[in-house]
J.: 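One structure coming up, written as structure tokens, with questions to follow.
Below, chain A is the first sequence line, B the second, and so on; all start at residue 1.
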Amino acid sequence: MELLLNQLINGLTAGSEYALIAAGLALIFGVLEVVNFAHGEFYMLSSYYLYLLMTRYNLPYVVAVPLVIVAMILSGVIFYYLVIRRVLSRSWQLQLIATLALSIVMVNTAIVLSGPVPKYLESPLNSQIVQIGMASISVQRLVVLAATAISFATLYAVLKYTRIGKAMRAVAQNREAAAAVGISVEKVGLATVVAGCALAGVAGALISPLYTIHPGMAALVIIKAFAAVIVGGFGNVTGAVLAAFLIGLLEALVTTVLPSEYADAFVFGGMILVLLVRPHGLFGRVARS
Amino acid sequence: MAATLRNDAPLLALLAAAAILPFVAPSPYYLSIGINTLIIVCLAVAFDLVVGRVGALSFAQPVFFGFGAYVAALIATTFGAGFWVEALVAAVGGFALSVAIGIPAFRLSLHSFAIGTLGFATIAQLVAQNWMSVTGGPLCITGIPRAQIGLPFAQFTPRTLTEQYFLILAIAALTVFVVRQLIGRRIGLAFSAVRDDPTLAASQGIRPLSIRLSAFGAAAALSAIAGVFTAHFQGVVCPDSVATSYTVMLLIVAFVGGRGSLRGVLAAAIIFGVAPQLLRVADEWRLAIFGALLLVTVLTVPDGIERIFQLIERALGLGGRNLVPAAIATGPAAIPAEPAPATTQAPVPVEVPVGEALPGGALQVTGLRKTYGGVTAVNDLDFEVKAGELVSLIGPNGSGKSTTLDCISGLSPFDAGTIVLDGQNISGWSPARLAKAGLVRTFQATRVYTTLTPRENLVVAALGRAPTLYEWRQYARSRGATPGLDARIDDILGRLGLAAMRDRPTGELSYGQRKLVQFAASVIVPPRILLLDEPLAGVNPTIGNIFKQQIVAFNRRGLTIVLVEHNLEVVVDVSHRLIVLDRGTKIAEGDPRTVMAQAHVQEAYLGR
Amino acid sequence: MRPTARRVGVVPICLSALLAAGAAFAQAKPVKVGLSSAFSGHVGFIGADARRGIELAIEELKTANTAVAYELSIADDECTPAGGATAFRRLMDVQQVDVIIGSGCSGATLGGMPTLMDGKLSAVTYGSTNPKITEGAGVGGNPYMWRMNLNDTIIGETFAAFIAKDGVKSAHILAVNNDFGRGAAGVYQALLPKNDVKVNGADFFSQGASDLRALISKIAARSPDAILLFGEPPDCALMARQKREMNLKAKIFSRGGCYTDESLKLMGDPRLGDGLTEAAYWARTPDQPMVEAYRKRHGDYPPYNAALAYYAMMTVDQAVRKAGPSRDGITKGLAQVDWKSAIGPIKFDANHQARPDLFMVRIENGEQKVIETISNAR
């Protein structure tokens with residue numbers, strides 16, 4: 001019972017990490033239909049921003065985090081104008097390859113610049129541990145869990161109630177029609193990419209103190225985030241977030257009863273199964289016309 | 001023969017140059033670079049069959065390479081059955097594995113296909129990594145002996161680097177040969193068709209899944225054979241062999257070379273194989289540089305090295321047909337929506353031509369209903385079209401005309417109703433099956449295979465309409481002259497005023513001309529029922545006139561036609577009967593002039 | 001019998017002749033040493049570390065052995081079998097080296113081994129621990145592959161006995177899912193029961209995995225006396241931090257670098273590692289002059305890859321002293337090496353495996369401390 005409770009918490013905290021990353025991925029895909037293979041690298045980038053701010057400029061953690069998000073917004077603007085805008089009207093294969101190429105550049109540049117040896121950042125919240133019943137959890141993990149909820153609620157509110165959010169949904173439904181009624185696809189694209197990068201920034205700034213920072217840190221997480229986006233229904237942000245939690249829980253559960261190396265096989269086997277039964281994902285909308 | 005020789009000359013020269021390398025290389029190291037490069041050539045040329053020829057971005061290619069390597073390693077280290085058995089098991093097994101992966105993966109839209117195959121690749125790597133009793137997991141299979149190749153006169157075991165080099169050169173040459181054979185035959189046309197427009201292909205009777213699986217399977221079998229060689233060459237096979245990092249390399253080669261261009265991919269594979277070894281000075285930056293190279297290529301020269309080849313050819317005045325028009329790389333999204341084009345054509349003979357009689361079919365639609373979300377697009381629609389009749393479906397925008405055509409032609413599933421063709425219930429049939437049964441449609445937007453010529457467009461359409469067995473026998477034939485069929489193609493293109501365009505890429509034609517090509521494709525093998533979706537929309541009067549003539553001509557010969565059209569003047573002129581739809585419901589039916597005179601029809605059209 | 005005896009007699013004569021010609025010879029033709037290791041990608045630091053160690057050795061040899069001069073070439077093997085084959089080939093045919101040091105990774109060493117036969121060129125690995133290398137070398141079939149460091153089996157025999165002696169009755173294995181982790185897990189699953197330690201289970205995590213909490217919860221529920229952790233320094237640091245968070249009390253015994261400065265630094269608070277014991281094939285003992293020399297040059301203590309590569313280079317020098325600087329001479333010389341190094345005796349057996357010392361290192365108050373040096377010499 002204690003084990004089950006522990007694994008439930010472990011699954012939820014792991015799921016919230018996948019969810020923070022998957023949300024940005026799903027948003028960019030949902031609105032622009034661009035599969036952003038470099039999304040994981042933005043997560044990595046934001047962790048390095050945090051590292052720079054805290055070690056080079058000796059800023060305390062709570063000051064560095066908002067600055068990281070500002071830096072990620074600027075990075076998102078650059079990303080949009082440098083890559084996304086140029087491929088937005090091209091075929092989806094070219095879009096995918098362009099972001100994949102960017103991810104290769106980013107990872108390998110990070111390896112050269114920072115060295116492959118990982119870095120560690122101490123967050124003050126890391127060593128504060130609270131007891132929930134029999135289970136214990138660090139405050140930093142609770143912050144990640146809360147941040148996932150807040151980010152998702154904010155995103156939901158923006159999409160639902162703001163002008164730009166409504167424009168995003170319009171572009172997601174039909175880009176041509178949205179353009180025809182005077183919505184600037186360019187502005188919406190910029191807003192979407194920036195929002196996606198900011199979400200990656202939140203993920204990096206909050207998650208990286210739990211682990212270590214290194215150029216390949218995104219590789220294992222992003223593939224789970226991809227699985228979440230697929231299982232959740234391509235481009236469906238809510239679905240992706242729910243699926244991310246499902247994946248986290250599934251992993252914890254499989255790890256409990258089977259040798260842990262099977263956990264990934266269950267995740268990806270499950271993903272294939274979902275694709276077979278419901279090609280548009282568990283929570284997918286019906287394909288657009 | 002002469003033409004073949006001319007086309008093959010550069011490849012043969014390349015092969016000859018590669019064969020000389022062992023005798024001029026300053027040290028065996030260059031041979032080992034050569035071997036690695038040839039492995040990349042094998043994989044990249046096979047991969048391009050999938051990504052370049054049928055347009056499916058697969059991340060699963062290393063799975064088949066790794067599969068071949070593990071098959072060879074397991075056979076060689078257990079019962080040692082020799083190279084041929086290994087290659088056979090690898091190729092057949094690789095093909096079977098690709099079908100097992102491809103059938104579910106190709107059910108996905110092409111975006112999801114890329115990610116889905118990434119999932120399969122991840123699972124394959126997990127299997128290689130964790131199935132300790134078979135693959136040895138991360139401890140690898142080691143001590144793989146040299147290949148034992150049984151030849152008619154002796155047993156050949158490549159031991160020296162030179163011998164290994166010639167073995168992989170032979171495999172690479174075989175790979176290029178097989179790929180060229182596939183592209184050079186009619187199935188190559190089907191590949192292009194499915195890549196350019198799978199929906200059109202399906203509506204012409206070609207099953208995109210079968211075509212894609214053929215390319216996917218052939219590429220898998222070829223990659224697996226390269227894997228067999230690699231296992232013996234390295235003497236050790238590890239889970240890295242199936243790693244997705246190989247896909248990144250293959251994508252770089254395919255895109256930098258130019259998708260669908262054999263020479264471009266060959267050039268890129270050679271550059272990618274050789275350059276890293278020569279660029280050792282920039283070791284740590286190497287991967288970053290390759291990533292940047294790929295990014296710049298994709299952003300600025302989507303056709304990659306192929307584009308450079310084309311520029312050189314143009315500079316040298318070697319015209320000829322571009323094998324790869326820009327449309328492949330830039331994709332359909334980049335083709336600008338063309339306004340009504342200026343007419344560039346000579347006036348066309350307008351008398352109604354005569355031909356042999358065509359036995360038209362009869363169609364009954366009962367209780368057809370289709371809803372999207374909460375919106376009912378078609379609501380309990382009943383109508384009938386008798387053999388040889390020309391019936392028009394009219395109504396304002398959004399009245400459900402195109403949806404009705406989509407349901408009848410199998411393109412979108414409907415919620416209720418039955419559709420009967422010549423007494424046979426055809427509800428729920430796939431577009432391809434309907435096309436083979438003689439129910440053919442055209443599309444409102446121009447849908448043609450832009451990288452094929454009009455002639456090839458019609459060849460593909462004719463193949464699709466043939467019975468499946470005959471279709472696949474035809475795929476094995478050369479894509480060159482098609483006696484009998486060519487005469488019919490010339491006849492119809494001549495009648496449509498497209499004779500001069502016969503062998504130009506269809507992507508270069510004007511909007512109206514492309515629409516005519518689409519029409520020609522729909523009647524190249526006369527169907528029993530032809531559904532025409534706004535043939536006159538957006539075309540200039542000259543072409544509109546041709547359409548009108550042809551519609552009447554084919555109908556007079558007996559073809560049953562269902563026409564959806566906004567040009568009421570033409571509709572009233574040509575139709576036997578009108579059916580008027582408004583918001584998914586039939587509001588009037590009957591003789592054209594009578595129907596048009598009814599007040600509620602006028603009201604539906606002019607609005608309230 | 002007779003021919004052997006005569007050859008042994010001849011060697012000293014050759015040697016003295018060589019030594020006589022020493023100084024002039026050194027200027028004329030340097031001995032080319034090739035280092036094959038990973039220089040790019042995620043494990044690129046392995047090569048960079050090893051390179052520093054070898055460069056230090058070569059610098060010292062300028063005065064210690066004036067008879068020959070050494071020159072270093074490097075090749076990137078990316079830690080993969082294919083990379084190993086290419087790198088060995090490149091060093092052999094293009095750089096024309098007289099001996100290869102490397103690879104630092106078992107996979108690359110296994111991939112490169114067959115290549116050596118073509119050029120009759122010897123390679124001395126300083127860091128690969130996969131037992132398969134020993135099985136294939138020397139009388140195992142490949143006369144050109146040598147291993148200076150201990151392999152997993154030798155370490156395992158000693159370490160398993162040590163763990164049992166430490167009072168452990170049950171253990172759970174937690175290992176990185178790569179050749180090192182899988183290989184080590186196999187060794188200890190076989191050896192611990194022989195020492196009356198029960199193995200509760202074995203779990204593997206992906207290389208670079210960050211959240212080990214689900215695994216730790218599961219292991220904690222089975223409450224073993226000890227966890228055997230086979231991973232790299234970042235994995236150890238994660239384990240130490242998450243173990244604290246999860247309040248897991250089991251002792252940790254490790255292999256793979258949990259005691260290293262890098263690992264302690266990554267823990268944030270090095271005291272989180274207290275009580276961890278690692279069986280290390282290299283550790284910073286006070287009687288190694290190279291440690292201070294390295295620190296003088298680079299400002300930091302040597303990482304184990306640097307130290308082991310240093311000793312591999314010194315082993316090569318021993319071989320050169322025995323039978324001359326050619327490829328052939330080094331191969332013959334390696335068979336004769338019998339060197340008392342600062343990390344124990346270096347002498348290759350019939351499978352070309354040397355048996356230097358094993359170091360038991362324990363973290364105490366956030367610092368590494370060698371608690372026992374165990375000789376493996378037979």
J.: Residues in salt bridge (charged side-chain N to carboxylate O under 4.0 Å, His left out) with C/D179, at least two apart?
T.: none
J.: Suppose a student defines contact as a heavy atom less than 4.5 Å from any heavy atom of chain B. Which residues in residues 108-132 of chain C would they list?
T.: C/L110, C/G111, C/P114, C/N130, C/K132
J.: What part of B/L161 lies closer than 4.5 angstrom to a heavy atom of chain C: side chain, backbone, both or neither?
T.: side chain
J.: In Å and rounded to the nearest 0.5 Å, what is the CG to OG distance from C/D93 to B/S32?
T.: 7.0 Å
J.: Run the side-chain donor-acceptor check on residues 63-70 of chain B: report pairs under 3.5 Å with partners two or more places apart or on a different chain.
T.:
{"from": "B/Y70", "atom 1": "OH", "to": "B/C238", "atom 2": "O", "distance (Å)": "3.4"}

J.: With disulfide bond (SG atoms under 2.5 Å apart) as the rule and sequence neighbours excluded, what pairs involving residues 114-143 of chain C come up?
T.: none
J.: Backbone N or O of B/M132 within a donor-acceptor pair of the B/T135 side chain at under 3.5 Å?
T.: no
J.: Closest approach of C/I46 and C/S37, non-hydrogen atoms and distance?
T.: CG2-OG, 3.4 Å
